[in-house]
Amino acid sequence: KKLRNTWTSLRSKVKAYAERVVSARVEGLVNRGTVLEKKLDHILKKAEEKGIEINASEDISAFSAKIALAKDKYTQAQAKLQAALDLKSGNESSSSEQVKALTDEAKALLKEARNALKEAHDILKAIAKKIREAMPEADLSEDVEVEVAVETETTNTNTETNTAAT
C-alpha cells in the first residue's frame, strides 16, 4: 500500500521527465533542420555561381516555414514541461491533475513539432531531387560549417554556440 501511494505521487513527475527526453530528441531534429537550411543555401549559392538555375525557392521557403513551426512548437512544449516540473517539485501538495494536464499539452505540442519535421523532410526530398536534376555533380553531403544556438537548462538561461559540421 505504501508503494502504491508513492507510485501515485511520482507517476506524473515520471511522465514529465519522459517527455523531456522526447523533447530533447525533437530539439536535435530541429537543430538538424536548421543545419540543412544552411546547407541548402550554400548549395544554391554554388549553383548560382556556376550559372545553373534551380527553381526551388518556393520549396525552400516552405521547408523553412516547417522548420520554424517545429521550433516554435518545441519551445512551447519546453515551457509547458518546465512549468509542470516546477509545479511538481516546488509544491508537493500540488494537484497531479495540473501536472498531468501540462504534460499532456507538452506531449501534443511535441507531436505537432514532429509532424512539422516530417513534412519538412518530404519537402527536403523534393528539393534534393530538383537539385540533382539541375546539377548532377552537386555534393549534397558536403560539410558546411553552421552555428546553432542552444539554450542550456540551468536556473539562468545561457546561450552557447555549437558548431555543427554535417
Side-chain angles (χ1 to χ4, degrees), residues 1-42 59-129 140-166:
K1 194 159 192 150
K2 184 178 179 183
L3 178 63
R4 180 174 295 164
N5 291 337
T6 304
W7 172 245
T8 303
S9 67
L10 291 176
R11 181 181 296 150
S12 58
K13 195 171 185 178
V14 168
K15 285 184 180 181
Y17 280 113
E19 287 304 318
R20 282 182 69 187
V21 171
V22 171
S23 175
R25 291 187 68 209
V26 171
E27 178 185 22
L29 292 172
V30 167
N31 288 340
R32 282 178 52 197
T34 305
V35 169
L36 287 172
E37 278 184 291
K38 304 295 183 197
K39 285 175 74 172
L40 279 173
D41 290 340
H42 179 74
D59 290 335
I60 291 174
S61 63
F63 177 75
S64 297
K66 291 295 181 183
I67 295 295
L69 176 67
K71 188 179 272 187
D72 181 50
K73 295 293 183 184
Y74 163 76
T75 305
Q76 290 176 26
Q78 278 296 97
K80 298 273 185 193
L81 286 174
Q82 194 59 47
L85 291 174
D86 290 345
L87 187 65
K88 190 64 180 175
S89 64
N91 184 4
E92 276 304 312
S93 65
S94 68
S95 171
S96 63
E97 286 88 26
Q98 289 176 316
V99 174
K100 184 180 182 326
L102 285 170
T103 305
D104 289 344
E105 288 175 28
K107 186 176 183 178
L109 288 168
L110 287 172
K111 186 174 184 177
E112 289 176 29
R114 281 193 308 268
N115 288 338
L117 288 169
K118 285 178 186 178
E119 292 170 10
H121 181 259
D122 292 339
I123 294 169
L124 180 64
K125 288 192 289 188
I127 294 170
K129 185 177 178 183
L140 299 178
S141 63
E142 181 180 324
D143 285 348
V144 177
E145 216 149 295
V146 178
E147 290 185 5
V148 178
V150 179
E151 277 190 27
T152 58
E153 291 183 25
T154 57
T155 52
N156 58 352
T157 308
N158 298 326
T159 306
E160 47 181 66
T161 307
N162 291 340
T163 304
T166 359

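Residue numbers count from 1 along this sequence.
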Fill in: E119 and N115: CA distance, side-chain angles, deciding distance, side-chain hydrogen bond (donor to acceptor under 3.5 Å, both in side chains) verdict
CA-CA 6 Å; E119 292 170 10; N115 288 338; over 6 Å; no
Practice prompt. Could you please spell out the steps behind the salt bridge (charged side-chain N to carboxylate O under 4.0 Å, His left out) verdict for K38 and D41?
Written response: CA-CA 5 Å; K38 304 295 183 197; D41 290 340; 5.4 Å; no
Worksheet entry | Pair K73-V26, side-chain contact (heavy atoms from CB on, under 4.5 Å): steps then yes or no | CA-CA 10 Å; K73 295 293 183 184; V26 171; over 6 Å; no
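Annotation: the span from L109 atom CG to D72 atom CG amounts to 9.0 Å, rounded to 0.5 Å. Between the OG1 atom in T103 and the CG atom in L110 there is a gap of 10.5 Å [rounded to 0.5 Å]. Distance check: K80 NZ to S23 OG gives 13.5 Å after rounding to the nearest 0.5 Å. Interatomic distance, D59 CG to L124 CG, rounded to the nearest 0.5 Å: 10.0 Å. Distance CG/D122 to NZ/K118: 10.0 Å, rounded to 0.5 Å.
A120 approaches K66 most closely through the heavy-atom pair CB-CB, 3.6 Å. The two residues I67 and E37 make their nearest non-hydrogen contact at CG2-OE1, 3.7 Å.
Counting heavy atoms from C-beta on, the side chains of V35 and K39 come closer than 4.5 Å. Contact check for H121 versus L117: no side-chain heavy atoms found under the 4.5 Å cut-off.
A salt bridge does not link K107 to D104: none of the charged side-chain nitrogens sits closer than 4.0 Å to a carboxylate oxygen.
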